[in-house]
Participant: 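This is the structure, below, for whatever I ask next.
Note that the structure is predicted; figures quoted are calculated from it, not measured. A, B, ... follow the sequence lines: proteins, then strands. Residue 1 opens every chain.
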Amino acid sequence: MNYFLQAVMIGVWLVILPYLSGSFICGVCKIQASGILKYLAGILGGWTIFQLFAVFAIMLKQTLSLVTIVWCACMMIMAACRIVRFCQKKDNIPDRKQWKEMLQSFSKIEWLLVAVMIVLVGYQMFMYGAYQHIDLDDARYIANAVAAKDTDRMLLTHPDTGEALTQPIGELAKEVVSPWSIYVAMMSRLTFMHPATLSHTVLAVLLTVLVYCILWMISSSIFHNDRAKNALFVIVAGVFNIWGYASKYSSSTFMMTRIWQGKSIVAAILIPAIFLFMLQISEKKQVGGWYVFVFMATCSSCLMSGMGIIFSAILVGSFTFAYAVMQKSWRVLLYGIACCIPNLIYIYLYAGL
Amino acid sequence: MIRELYVNTIRIWWLLEDYEGSGTRLVLYFACFAYLFICNKEFRKRLGIPMLVLFAVVFNPVTFKLIWQFMGYPYWYWRMFWMLGEVIIIGYAIVDIICRIRFKPGKILAVIVSAGLLVWSGAFVYTQNVFAEADNFMKLPQNAIEIADALLEMDENPKALVPRKIYGYIRQYSNDIELLYGRNADGYTQSIEGTEAYEVSVMIREQNIDYAFMTDVCRKNGVEFIVLRKANAKDLSEYGYEYVKDVNKYSIYRMK
């Protein structure tokens, strides 16, 4: 029963709610989105809302319960808006016949490539599910989450000793602007799971799927929705990552061994996500809405790690600067700068801590 | 000034060398980028030129200095190379090349060569050194969990001194256990170098334990339990700690 409840809660908080709120965000941004883009939007939206509220709550020494209530309320309001809109105006949800037609449109080679792709991604999910890689950086991250979950105080317990603190100290102070461990604590409360189980098993598997969803969307954008090319691209990425242990520093190594940590999420999910959104912006379709996605990606990067604050700003800055020069448009550059405002605020706060 | 820029450029190069191990993947990456930039107009417009701007920022000694000042440690700069988007560029180039080949046998050969290149240039991640079968869903060493459970059985909020091999996991498991020191003895979170607790950690690490000093520090800090590797186990009753039990390869002592 306990496992069943946990599974339901994972479904609700990590799958259904992000999907519904993502649909809402895509609707507001007027973006024709696929199911996976809606899910990505919901995940990024959730991370953004958390980051925008949690940092100030931590600085004001508020409780995790308050952050959890505010976050849940925001996500539920977005999901409710989506449900209401769905009831008012039914979207084009494919019926059985359309599904059948879509599946029949797959050629043999497409089936083969998709099957190989599923095997490769499934293999990585299985490895994260059944095997373990122990990384001692978790001694801080997971211990922070465990302490926040148990004490309701955020970043006010020494992760190494358990001593109660009056304010975050040392490296802990840097986590005030990048409180990913507190997000894990919140999720572990909502799903009734231990933060270590949530991170090392559930998030590891879910985030692996998300990585390849993003790569599929990048490929869709590059190869204009050619299914065979998309599947081949994901297969190449899968092989690249499985044989990606070229050194202990590479982005593949971080993705394959400790994807649950904030810095790895920057490397494996948020940097590719920014590439994806920039590719969409370069297509010059529904451009305004995509900047909202870029904003969510930069905010999410700030949530993950101190380096994430810098990386997302550099990436967005480089791309929008190049696009602005190429398109001779100041507006592109201004939008880019606007997307990096959170980075500027958090860099200022980070430097001051 | 010029010398500093030169030195920082060399440092970036060293970090880049470290970043990709043998460097084969990096060569592959830049070859793929060059191919796409020359042969694919769409790539040039959408990704190529923005990425040249990105290269100018990443491989820049001035950026290196700024990041160094900001993070307080130059070593972290290798993480900047995550922004190169290797998997995207290499994937793009390989699919592009395969799709340009018109003959089926040529396509198959290109797939095999590409797969071979990726495998040869990297290293398999799922080896025994990196991954092991999970002990539990928490993916924490069973040893550490059993010791934590033993401590919690004896006290609701125990404070303990535990060996280096397990101190990183105890507090991942339970917030109810306090430790004399953890990874802060290795300089993480906030270094405790210069304190008595640090001296104890060094003694235990170097297997050169002054039991009188260790127990004295523990008593002063309210440490109720001492966990030692069986190899270091000793009768501590004369120092005010009594043997309680063994858990796997460790012995647990409790303050009298």
Side-chain angles (χ1 to χ4, degrees), chain A residues 127 130-133 136 138-140 142-143 146-147 150-151 159-163 169-172 194 196-197 200-201 218 222-223 229 232-233 236-237 239-247 249-251 256-257 267 271-272 275 278-279 282 307 310-311 314-315 318-319 321-323 326 351, chain B residues 18-22 25 45-47 49-50 53-54 57 67 70-71 76 78-79 82-83 85-88 90-92 94-95 98-99 114-115 118-119 121-126 130-135 137-141 168 171-175 177-179 181-184 188-190:
Chain A
M127 290 305 288
Y131 285 75
Q132 66 182 20
H133 168 78
L136 266 174
D138 285 343
R140 187 169 99 231
I142 304 286
V146 171
D150 285 1
T151 63
D160 299 316
T161 62
E163 177 194 349
I169 52 157
E171 288 178 326
L172 205 56
H194 191 284
T197 313
H200 297 156
T201 304
I218 287 174
I222 292 171
F223 300 113
K229 288 181 184 175
L232 188 58
F233 181 86
V236 170
V239 174
F240 181 92
N241 286 328
I242 291 173
W243 273 271
Y245 198 58
S247 76
Y249 310 114
S250 71
S251 52
M256 300 300 282
T257 59
I271 290 173
F275 270 93
M278 288 301 163
L279 278 166
S282 74
M307 291 302 270
I310 302 169
F311 290 174
I314 290 176
L315 213 49
S318 302
F319 272 80
F321 173 75
Y323 290 153
M326 282 154 68
Chain B
D18 274 352
Y19 177 71
E20 271 301 359
S22 67
R25 281 224 159 160
K45 229 168 120 184
R46 297 178 71 191
L47 279 177
I49 293 171
V53 178
L54 184 68
V57 177
I67 298 280
F70 180 68
M71 300 303 290
W76 289 4
W78 54 261
R79 288 185 193 164
W82 288 347
M83 285 190 286
E86 291 158 283
V87 72
I88 297 167
I90 291 175
Y92 193 163
I94 287 176
V95 176
I98 290 170
C99 294
S114 313
L118 291 177
V119 170
S121 64
F124 191 57
V125 70
Y126 298 126
V130 187
F131 274 85
E133 215 163 310
D135 290 337
F137 280 123
M138 286 189 210
K139 315 275 173 79
L140 297 174
R171 289 194 42 77
Q172 285 189 59
Y173 178 66
S174 171
N175 183 55
I177 302 172
E178 283 189 37
L179 300 178
Y181 56 80
R183 272 188 113 202
N184 51 355
Y188 293 91
T189 311
Q190 192 175 48

Participant: Just by modelled atom types, is the A:S251 backbone N or O under 3.5 Å from a matching donor or acceptor in the B:Y19 side chain?
Facilitator: yes
Participant: For each of A:I218, A:L232, A:N241, A:T151, tally heavy-atom pairs with chain B at distances under 4.5 Å, and name the one with the top tally.
Facilitator: A:L232
Participant: Side chains of B:K139 and A:T201 only: does a donor on one sit below 3.5 Å from an acceptor on the other?
Facilitator: yes
Participant: Looking at every heavy atom in both A:A246 and B:S121, which two are closest together, and how far apart are they?
Facilitator: CB-O, 4.5 Å
Participant: Is the closest side-chain heavy-atom distance between B:K45 and A:S282 below 4.5 Å?
Facilitator: no
Participant: Just so I understand: if I count every heavy-atom pair under 4.5 Å between each of A:P272, A:S247, A:A237, A:G170 and chain B, which residue has the most?
Facilitator: A:S247
Participant: Return the CE to CG distance between A:M278 and B:L54, rounded to the nearest 0.5 Å.
Facilitator: 11.0 Å
Participant: What distance separates B:R79 CZ from A:I271 CD1, expressed to the nearest 0.5 Å?
Facilitator: 11.0 Å
Participant: Of the backbone (N, CA, C, O) and the side chain (C-beta and beyond), which part of A:F311 lies under 4.5 Å from a heavy atom of chain B, both, or neither?
Facilitator: both
Participant: Considering only heavy atoms, which portion of A:F233 lies under 4.5 Å from any heavy atom of chain B: side chain, backbone, both, or neither?
Facilitator: both
Participant: For the pair A:H133 (side chain) and B:F131 (backbone), establish whether a donor and an acceptor sit closer than 3.5 Å, ignoring hydrogens and angles.
Facilitator: no
Participant: Of all the heavy-atom pairs spanning A:S318 and B:P50, show the shortest one and how long it is.
Facilitator: CB-O, 4.2 Å
Participant: If you define the side chain from C-beta out and look only at heavy atoms, does anything of A:D160 sit under 4.5 Å from B:L179?
Facilitator: no
Participant: Among B:L140, B:I49, B:V130, single out the residue with the greatest number of heavy-atom pairs under 4.5 Å to chain A.
Facilitator: B:V130
Participant: Answer with side chain, backbone, both or neither: which region of A:M127 has an atom nearer than 4.5 Å to a non-hydrogen atom of chain B?
Facilitator: both
Participant: Name the orientation class of the two ring planes belonging to B:Y92 and A:F223 (parallel below 30°, tilted from 30 to 60°, perpendicular beyond 60°).
Facilitator: perpendicular
Participant: If you count heavy-atom pairs under 4.5 Å with chain B, which of A:V239, A:I222, A:T257 comes out on top?
Facilitator: A:I222
Participant: Give a yes or no answer on whether the side chain of B:R183 reaches the backbone of A:L136 with a donor-acceptor pair at less than 3.5 Å.
Facilitator: yes
Participant: Contact part of B:R46 toward chain A, heavy-atom cut-off under 4.5 Å: side chain, backbone, both or neither?
Facilitator: both
Participant: Given a strict heavy-atom distance threshold of 4.5 Å, which part of B:Y181 is in contact with chain A: side chain, backbone, both, or neither?
Facilitator: backbone
Participant: Side-chain contact, heavy-atom cut-off 4.5 Å: A:H200 with B:Q172?
Facilitator: yes
Participant: Working to the nearest 0.5 Å, report the span between OG1 of A:T161 and CD of B:Q190.
Facilitator: 10.0 Å
Participant: Say whether, by atom type as modelled, one donor and one acceptor occur between the side chain of B:R25 and the main chain of A:F240 under 3.5 angstrom.
Facilitator: yes
Participant: Do you know which of B:I98, B:V125, B:I90 has the most heavy-atom pairs with chain A at a distance under 4.5 angstrom?
Facilitator: B:V125
Participant: Should the pair B:F124 and A:W243 be assigned to parallel (<30°), tilted (30 to 60°) or perpendicular (>60°) ring geometry?
Facilitator: tilted
Participant: Quick check on B:T189 against chain A: is it the side chain, the backbone, both or neither that has a heavy atom closer than 4.5 Å?
Facilitator: both
Participant: Can you tell me which portion of A:A267 sits under 4.5 Å from chain B's heavy atoms? Options are side chain, backbone, both or neither.
Facilitator: both
Participant: I'd like to check B:Y188 versus A:R140 (side-chain heavy atoms, cut-off strictly below 4.5 Å). Are they in contact?
Facilitator: no
Participant: Return the CD to CD distance between A:E163 and B:E178, rounded to the nearest 0.5 Å.
Facilitator: 8.0 Å
Participant: side-chain contact (heavy atoms from CB on, under 4.5 Å) for A:V146 and B:R171? Distances and angles first, verdict last.
Facilitator: CA-CA 8 Å; A:V146 171; B:R171 289 194 42 77; over 6 Å; no
Participant: Taking every heavy-atom pair that is under 4.5 Å apart, which of B:F70, B:Y126, B:W76 has the most such pairs with chain A?
Facilitator: B:Y126
Participant: Look at B:I88, B:I94, B:L47, B:V57 and state which one has the largest set of heavy-atom pairs under 4.5 Å with chain A.
Facilitator: B:I88
